[in-house]
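What follows is a set of notes on a single structure, which appears directly below.
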Amino acid sequence: MVDISSSDIRRIDPASLMVFLALMRHRKGTLAARDLGLTQPAISHALKRMREVYQDPLFLRRSHGLEPTALARELEPKIRGVVDLLAQTLSPKAEFDPGEVTAELRLGAFDFELATILPALVASLRTRAPGVSIVSYQIPSEQAPNALLDGRIDMVIGYFADSVSGNPSFITTPLYSERYVAVARKSHPLFAGAFSFEAFAKSDHLLVSPSGPKRNMVDHALQLAGLSRTVKTVVPSLFSALTVLGQTDLIASVPARVAIQHADRFGLAYRELPMEGGQFQLHAITHVRDQRSAMHQWMVNEIKAASQVATPDCD
């Protein structure tokens with residue numbers, strides 16, 4: 001067989017391959033045309049293009065019809081395989097079975113989401129989808145969308161601004177609403193009596209921020225009340241914060257689920273913040289390129305289920 005160049009490959013379209021197979025089956029151009037719903041000139045044109053590409057007549061005219069050449073007989077199973085593969089791409093997708101999948105999900109999140117959602121998610125995957133592995137990246141929410149756009153991660157979970165949630169490149173799925181609570185060591189004098197917003201503001205604060213000092217919704221609420229706070233220490237992760245809080249007189253505002261799940265092990269107490277508007281919505285975000293992926297859709301639902309853990313009221 002002669003070598004086929006890339007320009008020759010571009011000249012072969014699926015319709016030509018179907019014409020070739022129809023001619024191999026019927027050995028007559030009129031029957032092939034009727035079978036494919038094409039005109040006789042369309043059959044002749046497709047056959048001419050195939051002959052030029054393969055530099056072979058492919059079919060010889062005989063009194064009983066068309067006789068395939070040796071090359072045509074050699075090509076038939078290969079071309080049939082190509083057409084079958086194309087047909088598979090158009091066939092209805094088989095029902096997704098998580099128990100049969102082998103895949104890796106790259107998940108971007110801050111340690112708050114990883115600490116509260118990941119345990120339940122991993123436990124579920126161990127039984128329902130043992131072939132799925134999770135590779136998590138601790139990425140601040142302001143950096144996560146770019147990582148998703150670049151394809152470095154498959155999904156992000158966290159709190160995002162409206163501009164991100166409304167971006168047409170992303171598909172957002174709401175998970176749950178969260179709130180901040182005040183956290184300090186159990187013997188902290190701030191929790192000994194009545195807990196006021198003024199007393200909270202006057203305390204020395206610890207701020208959790210992976211990107212350094214910055215204002216958040218707590219500072220905004222304080223400003224609305226004509227108050228401000230003094231941040232004495234900034235740490236990049238929640239668990240370093242909990243360790244520091246347990247050994248100092250600093251106070252911090254952290255998501256309620258973190259306080260509820262981990263306060264005891266760090267010797268901490270927590271109280272509801274005496275402020276309005278302290279809630280924020282957590283989302284799972286995927287890229288539109290994966291919107292037809294059964295795997296990604298299933299994983300979003302699993303993450304949503306893992307996040308649906310009741311958060312009891314603070315004492």
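- A donor-acceptor pair is defined here as one N or O able to donate and one able to accept, closer than 3.5 Å; no such pair exists between the side chain of Asp111 and the backbone of Ser237.
- For the atom pair OG (Ser136) and CZ (Phe110), the distance works out to 13.5 Å, reported to the nearest 0.5 Å.
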*Check the pair Val156, Ile139 against side-chain contact (heavy atoms from CB on, under 4.5 Å), reporting the backbone distance first and the verdict last.*
CA-CA 9 Å; Val156 296; Ile139 301 178; 5.8 Å; no
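- The residues Asp13 and Arg49 are annotated as salt-bridged, a charged nitrogen and a carboxylate oxygen being separated by less than 4.0 angstrom.
- Ile134 has its side chain within reach of Met299: a pair of non-hydrogen atoms, C-beta onward, lies under 4.5 Å apart.
- Two residues are said to be in side-chain contact when any heavy atoms from C-beta on lie closer than 4.5 Å; Leu107 and Ile153 fail this criterion.
- Linking ILVMFWY side-chain heavy atoms closer than 4.5 Å, directly or via other members, places Met18 and Leu58 in a single hydrophobic cluster.
- In terms of heavy atoms, Ala221 sits closest to Phe197 at O-CE2, 3.9 Å.
- Counting only residues at least two apart or in different chains, side chain to side chain donor-acceptor pair (under 3.5 Å) contacts with residues 119-129 comprise Ser124-Glu302, Arg128-Glu302.
- When all heavy atoms of Ser307 and Leu175 are compared, the closest pair comes out as OG-CB, 3.8 Å.
- Between the CZ atom of Phe170 and the CZ atom of Arg289 there is a distance of 8.5 Å, given to the nearest 0.5 Å.
- Hydrophobic clustering (ILVMFWY, side-chain heavy atoms < 4.5 Å, transitive): Leu224 and Met217 are in distinct clusters.
- Separation of atoms CG (Asp219) and OG (Ser228) is listed at 9.0 Å; rounding is to 0.5 Å.
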*salt bridge (charged side-chain N to carboxylate O under 4.0 Å, His left out) between Glu67 and Arg61: does it pass, once the steps are laid out?*
CA-CA 6 Å; Glu67 179 181 339; Arg61 293 191 179 277; over 6 Å; no
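- In this structure, Arg34 has no side chain to side chain donor-acceptor pair (under 3.5 Å) partners at least two apart in sequence or on a different chain.
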Please tabulate, one pair per line, all N/O donor-acceptor pairs under 3.5 Å involving side-chain atoms of residues 145-152, not counting sequence neighbours.
from	atom 1	to	atom 2	distance (Å)
Asp150	OD2	Arg152	NH2	3.3

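- Side-chain atoms of Leu121 and Leu125, non-hydrogen and from C-beta on, do get closer than 4.5 Å to each other.
- Applying the side chain to side chain donor-acceptor pair (under 3.5 Å) test to residues at least two apart or on different chains, the pairs with a partner in residues 183-198 are Arg185-Ser187, Arg185-Asp249.
- Leu31 is not connected to Ile43 by any chain of hydrophobic side-chain contacts under 4.5 Å among Ile, Leu, Val, Met, Phe, Trp and Tyr, and they are in different clusters.
- Here Leu282 contributes atom CG and Lys304 contributes atom NZ; the two are 12.5 Å apart, rounded to the nearest 0.5 Å.
- Between Ala115 and Gln261, the shortest heavy-atom contact is O-OE1, 4.0 Å.
- Between Asp56 and Arg51, no side-chain nitrogen of the basic residue sits less than 4.0 Å from a carboxylate oxygen of the acidic one, so the salt-bridge criterion is not met.
- Of all heavy-atom pairs between Ala252 and Leu206, the closest is CB-O, 3.3 Å.
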*asked:* Set out, in order, the CA-CA distance, both residues' side-chain angles and the distance that settles side-chain contact (heavy atoms from CB on, under 4.5 Å) for Thr286 and Gln291, then state yes or no.
replied: CA-CA 8 Å; Thr286 55; Gln291 64 181 333; over 6 Å; no
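- The closest donor-acceptor contact from the side chain of Glu76 to the backbone of Leu21 lies at 3.5 Å or more, if one exists at all.
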*Start with the C-alpha distance between Met50 and Leu75, add both sets of side-chain angles, then the distance that settles side-chain contact (heavy atoms from CB on, under 4.5 Å), and finish with yes or no.*
CA-CA 11 Å; Met50 294 283 286; Leu75 289 173; 5.7 Å; no
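- Applying the side chain to side chain donor-acceptor pair (under 3.5 Å) criterion to Thr248, with sequence neighbours excluded, gives no partner residue.
- When all heavy atoms are compared, the tightest approach of Phe200 to Ser253 is CZ-CB, 4.4 Å.
- Val244 and Leu207 are members of different hydrophobic clusters when ILVMFWY side chains are connected at heavy-atom separations under 4.5 Å.
- Interatomic distance, NZ of Lys28 versus CG of Leu66, reported as 8.0 Å (0.5 Å rounding).
- Under the ring-ring contact (aromatic ring centres under 6.0 Å, His included) criterion, Phe191 pairs with Phe195, not counting sequence neighbours.
- A search for side chain to side chain donor-acceptor pair (under 3.5 Å) contacts involving Gln138 returns nothing, not counting sequence neighbours.
- Contact of the Arg229 side chain with the Val231 side chain is registered, since non-hydrogen atoms from C-beta on lie closer than 4.5 Å.
- The side-chain contact (heavy atoms from CB on, under 4.5 Å) test applied to Asp154 returns Leu105, Arg106, His296, not counting sequence neighbours.
- In terms of modelled atom types and a separation under 3.5 Å, the side chain of Thr116 and the main chain of Phe112 share a donor-acceptor contact.
- Contact check for Leu250 versus His205: no side-chain heavy atoms found under the 4.5 Å cut-off.
- Put simply, Leu222 and Val234 are part of two different groups of oily side chains (I, L, V, M, F, W, Y) that touch within less than 4.5 Å, one to the next.
- Taking the six-membered ring for Trp, Phe20 and Phe59 have ring centres closer than 6.0 Å.
- Applying the salt bridge (Lys or Arg N to Asp or Glu O under 4.0 Å) rule to Glu104 yields no partners; only residues at least two apart in sequence or on another chain are considered.
- Looking at heavy atoms from C-beta onward, Asn301 lies out of side-chain contact with Thr173 at the 4.5 angstrom threshold.
- Leu190 CG to Lys202 NZ: the interatomic distance, rounded to the nearest 0.5 Å, is 11.5 Å.
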*Run the numbers on Glu178 and Tyr159 for side-chain contact (heavy atoms from CB on, under 4.5 Å), then give the verdict.*
CA-CA 10 Å; Glu178 182 58 282; Tyr159 168 72; over 6 Å; no
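- Side-chain contact between Ile285 and Met155 is absent, with no heavy-atom pair separated by less than 4.5 Å.
- Residue Ile171 belongs to a hydrophobic cluster whose other members are Val288, with links defined by side-chain heavy atoms closer than 4.5 Å.
- Within the structure, every pair that satisfies the ring-ring contact (aromatic ring centres under 6.0 Å, His included) test and touches residues 231-250, not counting sequence neighbours, is listed here: Phe239-His262.
- Contact check for Val183 versus Ile251: no side-chain heavy atoms found under the 4.5 Å cut-off.
- Looking at every heavy atom in both residues, Leu114 comes nearest to Pro119 through O-CD, 3.4 Å.
- Residues satisfying the ring-ring contact (aromatic ring centres under 6.0 Å, His included) test with Phe266, not counting sequence neighbours, are none.
- Ring geometry, Phe280 versus Tyr180: the interplanar angle falls from 30° to 60°, so the pair is classed tilted.
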